[in-house]
Amino acid sequence: MPRENLTQKRERAAEIEQRMFEHYGEGACSLDHVDPFTLTVAVILSAQCTDAAVNKVTPELFARFGTPEAMAAASIEDIEAIIHPLGFFRSKAKNLKACAQTVLAEFGGEVPRTMVDLQKLPGVGRKTANVVMCQAFRDPQGIAVDTHVFRIAHQLGFATRNDDTPEKVEAKLMKIYPQPDWLYINHQWVHFGREFCVARRPKCQECFLADICPSSGK
DNA sequence: ATCCCGAGGG
DNA sequence: CCCTCTGGAT
């Protein structure tokens, strides 16, 4: 099969994006939150655990420490006790407190609105910063590549074996998809990754992209 | 046994 | 570049 060129990838991506909209709309964020700070907290907590598990602990967490002021003043032990069912609870608790302190000390109590400043917050890397820029500020500066997006990009043939880091996959996707689509790709693909393109055994027989996916049935 | 909306540190 | 942090679900 001849290698697909960039123009062809873009055309296929446009068709995929249209179908994603038909199935998932703009892709609702499945992490419960009420503002940029609680979204940032929820995304930090979501590393290596399911969103459902995060949503189970955030009601109590936000009730007690739902603002930068409250979180910055909280004890690490109290935060750990609440988020304990999640993975990496020690480092996450430390990061949440330091993150809140940084928001207060460096950014006047407001979650910053640029990729550079967001990534100055402890616990916030490129993926989390991308989610906050898209979901909270509607200002896409990149594409959040998590485990789902990473896997699906390879399955769809938009990334190669050589693209072995989230950064490389993100760069490929940013060339293929127009910037307005960056807002929706992460959430739509996460839903898609849970429903059809699951890691273990993709449900290609039922998948609505099977006819335009190079990995279908493999 | 493997996976889940990663980030920090060495 | 690698390693570590972590527990629950399937």
Side-chain angles (χ1 to χ4, degrees), chain A residues 20 23-33 36 38-58 60-61 76-77 79-103 111-112 115-137 140-156 159 161-170 173 181-203:
Chain A
M20 287 285 185
H23 281 259
Y24 304 116
E26 296 186 357
C29 183
S30 50
L31 291 169
D32 295 339
H33 64 283
T38 50
L39 174 67
T40 304
V41 169
V43 179
I44 289 173
L45 291 176
S46 72
Q48 294 298 302
C49 75
T50 63
D51 56 319
V54 175
N55 291 337
K56 206 174 287 185
V57 306
T58 46
E60 183 182 358
L61 187 67
I76 299 285
E77 291 75 19
I79 301 173
E80 285 182 355
I82 297 173
I83 69 172
H84 185 269
L86 311 180
F88 311 147
F89 67 89
R90 271 187 276 267
S91 56
K92 285 175 182 174
K94 181 159 63 78
N95 283 337
L96 289 183
K97 182 175 169 71
C99 176
Q101 290 174 323
T102 303
V103 166
V111 175
M115 289 293 290
V116 169
D117 283 347
L118 277 168
Q119 288 174 98
K120 291 177 183 172
L121 303 177
V124 177
R126 183 164 182 90
K127 182 262 173 179
T128 300
N130 269 322
V131 172
V132 174
M133 288 301 292
C134 288
Q135 182 67 28
F137 302 134
Q141 296 299 305
I143 297 169
V145 177
D146 54 43
T147 179
H148 288 295
V149 174
F150 186 87
R151 180 180 71 254
I152 294 167
H154 284 90
Q155 293 282 71
L156 288 174
R161 281 181 299 277
N162 216 0
D163 301 316
D164 54 358
T165 67
E167 289 75 17
K168 290 179 187 174
V169 170
E170 181 181 358
L173 291 176
D181 288 350
W182 300 357
L183 277 176
Y184 314 116
I185 289 174
N186 178 263
H187 289 123
Q188 290 172 336
W189 288 28
V190 167
H191 288 289
F192 175 66
R194 284 199 296 245
E195 187 173 1
F196 296 104
C197 205
V198 294
R200 253 305 167 196
R201 183 189 293 218
K203 303 174 182 172

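Naming: A, B, ... by sequence-line order, numbering from 1 per chain. Just so it is clear, the model here is predicted, and its values are computed rather than measured.
Within the 4.0 angstrom heavy-atom criterion, no nucleotide atom of any strand lies near A:Ala53. Among the heavy atoms of the strands lying under 4.0 Å from A:Thr128 are primed sugar atoms or P, OP1, OP2 only; no base atom is included. Within the 4.0 angstrom heavy-atom criterion, only backbone atoms of the sugar-phosphate kind lie near A:Arg151; the bases stay farther away.
Looking at the side chain of A:Arg200, the nearest of the listed nucleotides B:dC3, B:dC4, B:dA7 is B:dC3.
Distance, A:Asn186 CG to B:dC5 C1': 6 Å, rounded to whole Å. Across the protein-nucleic acid pair, A:Leu96 atom CG and B:dA7 atom C1' stand 12 Å apart, rounded to whole Å. The interatomic distance linking A:Ile185 (CD1) with B:dC5 (P) rounds to 18 Å, in whole Å. Rounded to an integer number of Å, the gap from A:Asp146 CG to B:dA7 C1' is 14 Å. For the pair A:Arg201 CZ and B:dT2 P, the computed distance is 15 Å after rounding to whole Å. Residue A:Asn55 contributes atom CG, which lies 14 Å from atom C1' of B:dC4 at whole-angstrom precision. Atom P of nucleotide B:dC4 and atom CZ of A:Phe150 are separated by 12 Å, given to the nearest angstrom. In this structure, A:His191 places its NE2 atom 16 Å from P of B:dC4, rounding to the nearest Å.
For A:Lys127 against B:dC5, a side-chain-to-base donor-acceptor contact under 3.5 Å is present.
A donor-acceptor distance shorter than 3.5 angstrom exists from the side chain of A:Arg151 to the backbone of A:Cys197, with no hydrogens or angles considered. A donor-acceptor pair is defined here as one N or O able to donate and one able to accept, closer than 3.5 Å; no such pair exists between the side chain of A:His33 and the backbone of A:Val41. Between the side chain of A:His154 and the main chain of A:Asp164, no donor-acceptor pair closer than 3.5 Å is present. Checking side-chain atoms of A:Asn186 against main-chain N and O of A:Ala144 turns up a donor-acceptor pair under 3.5 Å. Panel note: side chain A:Gln188, backbone A:Gly27; no donor-acceptor pair is recorded below 3.5 Å.
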Listing, residues 82-93 of chain A side-chain donor-acceptor contacts under 3.5 Å, not counting sequence neighbours, or none:
residue, atom, partner, partner atom, Å
A:Ser91, OG, A:Phe88, O, 3.3
A:Lys92, NZ, A:Leu45, O, 2.8
A:Lys92, NZ, A:Ala47, O, 2.9
A:Lys92, NZ, A:Gly87, O, 2.9

Would you tabulate the nitrogen or oxygen pairs shorter than 3.5 Å linking the protein to nucleotides 8-10 of chain B?
residue, atom, partner, partner atom, Å
B:dG8, OP1, A:Gly123, N, 2.7

Any N/O pairs under 3.5 Å between the protein and nucleotides 7-9 of chain C? List them or say none.
residue, atom, partner, partner atom, Å
C:dG7, N2, A:Gln48, O, 3.4

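One C1' atom belongs to C:dT6, the other to B:dT2, and the distance between them is 15 Å to the nearest Å. The separation of C:dC5 from B:dC5, taken at their P atoms, amounts to 23 Å, rounded to a whole angstrom.
Side-chain atoms of A:Phe192 and A:His23, non-hydrogen and from C-beta on, never get closer than 4.5 Å to each other. Contact annotation: the side chain of A:Lys120 never approaches that of A:Pro112 to less than 4.5 Å [non-hydrogen atoms, C-beta and beyond]. In this structure, the side chains of A:Tyr184 and A:Glu26 come closer than 4.5 Å at one or more pairs of heavy atoms.
When the side-chain nitrogen and oxygen atoms of A:Arg194 are compared with OP1 and OP2 of B:dC5, one or more of them lie within a distance under 4.0 Å.
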side-chain hydrogen bond (donor to acceptor under 3.5 Å, both in side chains) between A:Asp51 and A:Ser30: does it pass, once the steps are laid out? CA-CA 7 Å; A:Asp51 56 319; A:Ser30 50; 3.0 Å; yes
